[in-house]
Each structure stands twice: as C-alpha cells, then as structure tokens.
2 protein chains.
Amino acid sequence: MVDKARDPVFDSVWLAERKPSSAQASPLSREAIVTAAVEALDVDGLAALSMRKLATRLGVAPMSLYWHVPTKDAVLELAMDEVFGEIGAPDLDRAWTDEVRKLMGQVRLLFQRHPWLPQVLGSYPNIGPNAVALAESMITVLSGTGLPVVEVSRASSTVISFVVGFAASEVRWAEETTAPRRPDQEWTAALVERYRERFPLFTAQFDLPELWEADAQFDYGLDCVIAGVETRTGQPRR
Amino acid sequence: MVDKARDPVFDSVWLAERKPSSAQASPLSREAIVTAAVEALDVDGLAALSMRKLATRLGVAPMSLYWHVPTKDAVLELAMDEVFGEIGAPDLDRAWTDEVRKLMGQVRLLFQRHPWLPQVLGSYPNIGPNAVALAESMITVLSGTGLPVVEVSRASSTVISFVVGFAASEVRWAEETTAPRRPDQEWTAALVERYRERFPLFTAQFDLPELWEADAQFDYGLDCVIAGVETRTGQPRR
DNA sequence: TACGACTGCCGTACACCGTACGAGAACGCA
DNA sequence: TGCGTTCTCGTACGGTGTACGGCAGTCGTA
C-alpha cells in the first residue's frame, strides 16, 4: 500500500474523480465493497483485513475489487467515512449544550461499535462527506453560542479533539482488557504491580471505583470542555 | 503481525518479562533497535518500516533482531514509548495552569516531530514507562488545583484527551498538505471546491486567515479546557 | 444483423512482508 | 578441554498488495 502514487497531486479517494458508473447493474459495486469491509473490520479487526479475504466474503476473485476501488487504502478511507454516516443531524431548536452532548455521545458510541476507527483515523485525513457533515453540524450547533465565527470554529475543533482523543484511548483500553484475554482484572493488576513504586499516583487511580465508570469519565470531560467554551461567551457561571 | 499470540494472557511488551541481559556487550541490543526504528519512522514513515529494512539499517541480518525483540509490534510499542521519553519533568513551583500548558505544548511538539505517532497510538495501549510518567506528571501538576483526587484524575484525562486528539488531527492534516505533493493551497482548494455548496460553514473556514494559525488554534483549545477545569475549582472567573 | 468499444471480472505473477526453525559461531566457566 | 549459554544468521513458508493482460458480456451504431 501507500506506493501506488499514481496521481502525484492528490491521493485521497475523496479528491479523485470517480470512474463513471455504467447503466448495467453489476453484482459488485463500490458500495457493496465498503459495506463488506466495515462488517469484516467490526468482526475481525484491521490487522485481519486483506483484499483477498474481502473478495472471498463477497464471493468474488480478489482482483475484481480493483475495478471499483483503486487501492486498499481507499477501501479504508471509504469505510471510515461510511461509519461516520451513522451520526444523525442536529436539532437546532434545542440548547447548544444539549445538542453538543448528544452529537458527541453519538461519536463516542461510534468508536465503540467500530474499534478499528482510531487506527485508520490515524492514517488518513478525515475528509469524507459524512465526516465533514459532522463538522458542519458542530459549527451550526455552536453558532448558538453567539460567539464570533472564528471562535465557533475553534470551539468546534476543541470539542471534537477532546471527544476523539477520549474515545480513541477508551477503545484501545477496552480492546486490550477484553478480547480473548483474561478478564481486565488480571491485566490491570499486572500493570499496577509493575508501576506501583515508580508511579504511585497513577497506579492509585485503579483503586478508585469511580474511575472505572467510563461513562462518568466521559461526561465529566465533556462537561468540562463545554464549561470552558461557556467561559468564552460570558454566559452562566455553572 | 498480531498473530504470534505466544502468551495467551499478556501481549504488550510492557507486561512480558524481559530476557535477562548478559554480561557480554553485543553489537545489537534492544535499545539500538528502538533508536534505529524511531529514526527510520521519522524519515520514512510507518508504512515504509519493515524488519528487513530495520536490520539493514543496523548492518545486521533480519532474523537477528528477533533475539532482542519478540515481534514487530513490540518494536512499535517500544518506539512509541521511547519518544514519550523526550518530555521533561514538571516544575511544581509554578502555577498549575502554566505547567499544564508547558507539558501539553511539549506533547504537541512531540507529535510534530514524530508524525507516525497517531498511527501507532491507535494500535497499542500507551502504557510504557515514559507515557505513564507523563500521566503521573499531569496528576501531580493538577493536584495543584485543590480538587479531590477523583476529579484530578478526570481532569487529567480530559486535558490529555484534548491534546492528543488535537495533535493527531493536526499531524494528519500536515502530512497530507505537505509531503511530495503540491503546496497545501492547491490541495485544500480542491477540497473546498468539492464541498462548497453542501457544507458552506465548513468550507467558509478556509477563507478565514485566523484559522490557518495552528498555534492559535491549539492555544485557544487548551485555554478553553483549562478554563473548564477552573470552573470545577471555584477559582477565578477568568 | 454485424461489429467495434466499453464494462466488468478474473488468472497469473512479482516483489515484499513477518517470522518459525534450526544450525552454528563466540564466549564464560568448569 | 569440554559444556552450556548467548547471540547471529540462512533458509523457507505462507501471506500480502496489486500490475498486467485476457476474456466474456453488453451496448450503440450502422
């Protein structure tokens, strides 16, 4: 992968012209490939996805995929944006704070449903139509703050950065402590034991039951960031 | 990769016992391998790193690496933690807000120096000693807020989530708009043109010169998050 | 009806990958 | 001297992404 380097200027799928689709309905299609890719990724993870397996899953020869898709990287970019399509449109009648919480909660769930997201998100720019639609939604919602446009953009980027960073870390952790491994207890116990003397504060966290509640962690952080945005608006103190 | 699955319980390098090192100084060593890996990653990126090339770079046969390192995944985990070692210790005499800004600024620069970080960060839990030391530092610094311990942990996770999310996104963008491609202008121009009608608010961002200043973006976001934490302490309004 | 162009699928092949396995070299210690 | 340990490496296997060219079917036009 990554080699092809056909078009020296652009190589994101989203900036390439798509081959004109024909009249005849073919069994295979870009959409079918992407759907199958998402399913495969959800079940077996990124490392297990190969073009051959993907073709098998579709009942087709490996090279057939390359008519509809230029490269494996493109499949991953498309799959990434595909899942961002699961996020709904905002309701502009509600308070911006509630709407931000709703949208960002959906993003967090998205990461949990598709634990391979952080990995591919780290590899390609997230500029597909569905991802951009989410950015557009956030800007729309945050316009409700009354902040100047520049600040709306910045606040939007701030909130999204937090949520993506949080969800990515959460998913990595979950992937490690569940899976065909021993229950999380044992895994973290080993970790804690190894670091106990060197990093007392860090390891002490694991003794606090409150800190095992991921939902509360997320809500606290999101509330924090929202409160931070509110300080920029001269609005209610808390 | 990912197969090996030797130890059914643990497979992060950090939770495995390391082979006892011998007296004789061998030319190759785990440390040398990791150093070379970081260099190679910085220069050529993650996709270009293979065990064979790494061995060549060290003037050694490919399989020789496997005496010091169990797997390629381990090399990447080690390389990831290695670079987190570049971050210094906090100064506890200064105001916690300043210290948070200093530490997190260093993290951002870390990502810029090592653009492959988001990719590997998405693939492995970040539990090496240097990464944990950073977490410990953050908790120490945020203890200066006077918040209860649970909230200190949560605030720490919040700030780090934001910074990592921001830096990861920034790096992805930079990787795409620089590199052996046309200047960023052209790339983003194509993007904007493609989305102009569908996502007017999103695309309008690119007309605002303020939003091209990445440093200001970062500072705004970090200030926001810090201000959010301050609202939890009942401290100065702004 | 005939025929060329185009669409879509696929068989083969190449270069490269991670790494299992076991042979052997170099060394410490008896 | 011999033996055990540490370390390096050659070979080989099964997998990968995908370039290339062939081929069947369909369509538009004459």
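As a basis for the values below, the full set of heavy atoms in this structure was taken, side chains included, without hydrogen atoms, waters or symmetry mates.
Here H68(A) reaches the OP1 or OP2 of dC9(C): one of its side-chain N or O atoms lies under 4.0 Å away. At dC10(C), one or more side-chain N or O atoms of S64(A) fall inside 4.0 Å of OP1 or OP2 (strictly under the cut-off).
Ring orientation note: the planes of F206(B) and W212(B) are nearly perpendicular, at an angle over 60° on the 30°/60° scale. The aromatic rings of F218(A) and F162(A) sit parallel to each other, their planes meeting at less than 30°, with 60° as the upper class boundary.
With rounding to whole Å, L65(A) atom CG is found 18 Å from dC20(D) atom P. Rounded to whole Å, the distance from CD1 on I33(B) to C1' on dT8(D) is 12 Å. Rounded to whole Å, atom P of dA25(C) lies 19 Å from atom CE of M63(B). In this structure, the CG atom of L76(A) is 12 Å from the C1' atom of dG17(D), given to the nearest Å. A straight line from CZ of R30(A) to C1' of dC9(C) spans 17 Å, rounded to a whole angstrom. Between the OH atom of Y66(A) and the P atom of dC10(C) there is a distance of 15 Å, given to the nearest Å. Rounding to whole angstrom units, CH2 of residue W67(B) and C1' of dA26(C) are separated by 13 Å.
Side-chain atoms of E176(B) and S12(A) form no donor-acceptor pair, as typed in the model, at a separation below 3.5 Å. In summary, the side chains of E86(A) and H114(A) do present a donor paired with an acceptor at a separation below 3.5 Å, with no hydrogens or angles considered. D81(A) and W14(A) are not linked by any side-chain donor-acceptor pair at a separation below 3.5 angstrom, with hydrogens and angles left out of the test.
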Pairs under 3.5 Å (N/O, protein and nucleotides 15-17 of chain C):
| unit_1 | atom_1 | unit_2 | atom_2 | d |
| --- | --- | --- | --- | --- |
| dC17(C) | OP1 | S50(B) | OG | 3.1 |

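Here D207(A) pairs with R196(A) in a salt bridge; the nearest charged N to carboxylate O distance falls below 4.0 Å.
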